[in-house]
Amino acid sequence: DELFSTDLWTGDGSNSRAINNGIDLATDGGLAWIKTRNTGLVHGLFDTVRGKGSSFAYRLKSDDQGVQTELADGVSSFNSNGFTLGNSTLVNGVTYDYVGWTFKKHPKFFDIVSYTGDTNIQKVLSHSLGSDPGMVIIKSTNTAGTSWWTWHTSFGANTSDVGKQVALDSIKTIRDTGTIYSGSAFDWTSPNGAYEQGSYLQGTSSSNITVGYEANQNGWEYVAYLFAHNDGDGGFGPNSDQDIIKCGSVSYNGGATVNLGWEPQWVLVKPSTREGNWILNDDKRGMPASGRGPRLDADNGNQELANAGVVNPNPYGFTVPSGIYDPADLIYVAIRG
């Protein structure tokens, strides 16, 4: 409860709308991810590491390859019990419905690392997860036309010569290091040109990540979001023996079943071996035990779709219903309810 929260609100147009969810962002830091539900507007990712401009927090958009900008009347403060909003239509417009997902920086749960590129073949960056990451997302904050390069633990270890990655802003499948692709090495949605794919993330450990030169361009500013993967070593709960976040994969062929050992409240799902969206599911908007709940996609700004979610939770994990995908491997990040 102190590390993650899903919050729903209807905008009131005020300049000081407080979203009080019990997450201490002022002391410990973290990420607030905000999206309109009843109209198609861009995602907004605001974090305490990139911080604020003159008055408001810098925003990145998970569905866009642009640079960070200070969103006027967006997030005005990160508080000891949540965050405060201005009256921008992207966060608190009158009659707009919103969802906000708040991730607190905490060992074995979530961390944020920022750095400046120096064009070295490799750059080692320290983090505070205290465990190997389960998923790492990297975005340049000052260079346009750059995707959200994403590594997931199910892809296996990356090196300078071998590796796999996807992009949070793209529906495209896994890209392999050393393979020639059409398009841009930095913007995965670009249809032009050709390049040899390198490994953006070249190594992970419980104390650092190593990025390659593709994610280390001279003078480029970057932010990396690190999601932990607990595998019997989470250390949470009254006896410090419980897991609360898992990153994994499952084969889908007419349906899929994932055993987490607990019921999730938030699940991000994407097919990795065929094209498909990054689908955001949470229990506040609705994850039914059967049927299909509402859906938002991290890779586009579409309004929420009814009866289009892909997760049916149960006390031990979740299932993905039949009739949604062709046979494919699905990657996921799940947070405990």
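The analysis underlying the following values was restricted to heavy atoms, covering all of them including side chains, and did not include hydrogens, waters or symmetry mates. Nothing here was measured: the structure is a model prediction, and the numbers come from that model.
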Does a donor on one side chain sit under 3.5 Å from an acceptor on the other, for Asp97 and Thr10? yes

With a 3.5 Å distance limit and no angle check, can you tell me whether Ser114 reaches the backbone of Ile112 through a side-chain donor-acceptor pair? no

Can you check whether Arg285's main-chain N or O pairs, donor with acceptor, with Glu304's side chain at less than 3.5 Å? no

Should the pair Asp118-Lys123 be classified as a salt bridge under the 4.0 Å nitrogen-to-oxygen rule? yes

Under 4.5 Å between side-chain heavy atoms, hopping through other hydrophobics if needed: is there a path connecting Val67 to Ile138? no

Which of parallel (below 30°), tilted (30 to 60°) and perpendicular (above 60°) describes Trp266 and Phe227? parallel

N/O donor-acceptor pair under 3.5 Å between Ser147 side chain and Trp188 backbone: yes

Please step through side chain to side chain contact (heavy atoms under 4.5 Å, CB included) for the pair Asp243 and Ile245, ending with a clear verdict. CA-CA 6 Å; Asp243 296 337; Ile245 183 170; over 6 Å; no

If you look at every heavy atom in Asp282 and Trp101, which pair is closest and at what distance? OD2-NE1, 3.1 Å

Look only at the side chain of Tyr252 and the backbone of Ile324, and say whether a donor-acceptor pair between them is shorter than 3.5 Å. yes

Short side-chain donor-acceptor distance under 3.5 Å, Thr177 and Lys164: no

Could you go step by step and tell me if Tyr115 and Tyr222 meet the ring-ring contact (aromatic ring centres under 6.0 Å, His included) rule? CA-CA 5 Å; Tyr115 65 99; Tyr222 298 89; 4.8 Å; yes

So CG of Asn312 and OG of Ser290: to nearest 0.5 Å the spacing works out to 6.5 Å

Counting distance only, does the side-chain N/O of His43 pair as donor-acceptor with the main-chain N or O of Lys61 below 3.5 Å? no

Test Glu221 against Thr116 for side chain to side chain donor-acceptor pair (under 3.5 Å), laying out the working first. CA-CA 5 Å; Glu221 302 289 339; Thr116 301; 2.8 Å; yes

Have Asn302 and Asn300 got a donor and an acceptor in their side chains that come within less than 3.5 Å? yes

For the atom pair CG (Asp297) and CD1 (Ile279), what is the distance rounded to the nearest 0.5 Å? 5.5 Å

Say you draw a straight line from CG of Asn158 to NE2 of His152; how long is it, rounded to the nearest 0.5 Å? 13.0 Å

Taking the six-membered ring for Trp, are the ring centroids of Phe110 and Phe4 within less than 6.0 Å of each other? no

Would you give the length of the straight line joining atom CD1 of Ile121 to atom CD of Glu214, rounded to the nearest 0.5 angstrom? 10.5 Å

Polar side-chain atom of Ser199 near backbone of Gln202 as donor-acceptor pair, under 3.5 Å: no

Given the ring of Tyr98, does Arg37 sit roughly above its face, with NZ or CZ under 6.0 Å from the centre of the six-membered ring and within 45° of the axis? no

Please confirm whether the backbone N or O of Leu168 pairs with a side-chain atom of Trp149, one donor and one acceptor, at under 3.5 Å? no

Check against side chain to side chain contact (heavy atoms under 4.5 Å, CB included), Leu3 and His106: CA-CA 7 Å; Leu3 303 184; His106 192 277; 3.6 Å; yes

Keeping the roles fixed (side chain from Asn21, backbone from Ile23), state whether a donor-acceptor pair exists under 3.5 Å. yes

ILVMFWY network linking Val75 to Val49, side-chain heavy atoms under 4.5 angstrom: no

Could you tell me whether Glu70 and Arg59 have a side-chain N and a carboxylate O separated by less than 4.0 Å? no

Between Tyr225 and Phe46, is there shared hydrophobic-cluster membership here, with clusters defined by ILVMFWY side-chain heavy atoms closer than 4.5 Å? no

Supply the atom-to-atom distance Ser62 OG to Lys139 NZ, rounded to the nearest 0.5 angstrom. 11.0 Å

For side chain to side chain contact (heavy atoms under 4.5 Å, CB included), just list the numbers for Tyr332 and Val269, CA-CA rounded to whole Å, side-chain angles, deciding distance to a tenth of an Å, and then say yes or no. CA-CA 4 Å; Tyr332 64 83; Val269 177; 4.2 Å; yes

Is there a path of hydrophobic side-chain contacts, each under 4.5 Å between heavy atoms of I/L/V/M/F/W/Y residues, joining Val223 to Leu45? yes

Do Val267 and Val333 pass the side chain to side chain contact (heavy atoms under 4.5 Å, CB included) test, and can you show the C-alpha distance, the side-chain angles, and the key distance before you say yes or no? CA-CA 6 Å; Val267 184; Val333 181; over 6 Å; no

Evaluate the criterion salt bridge (Lys or Arg N to Asp or Glu O under 4.0 Å) for residue pair Lys105 and Asp28; output intermediate values, then yes/no. CA-CA 6 Å; Lys105 291 180 59 178; Asp28 303 305; over 6 Å; no

If hydrophobic clusters are built by linking Ile, Leu, Val, Met, Phe, Trp and Tyr wherever their side-chain heavy atoms come under 4.5 Å apart, do Phe186 and Val211 end up in the same one? yes

Polar side-chain atom of Lys35 near backbone of Gly301 as donor-acceptor pair, under 3.5 Å: yes

Drop me the distance from Asn216's CG to Leu125's CG, to the nearest 0.5 angstrom. 8.0 Å

Salt-bridge present (Asp12, Arg17; N to O < 4.0 Å): yes

Side-chain donor/acceptor of Asn192 to backbone N/O of Gly183, under 3.5 Å: no

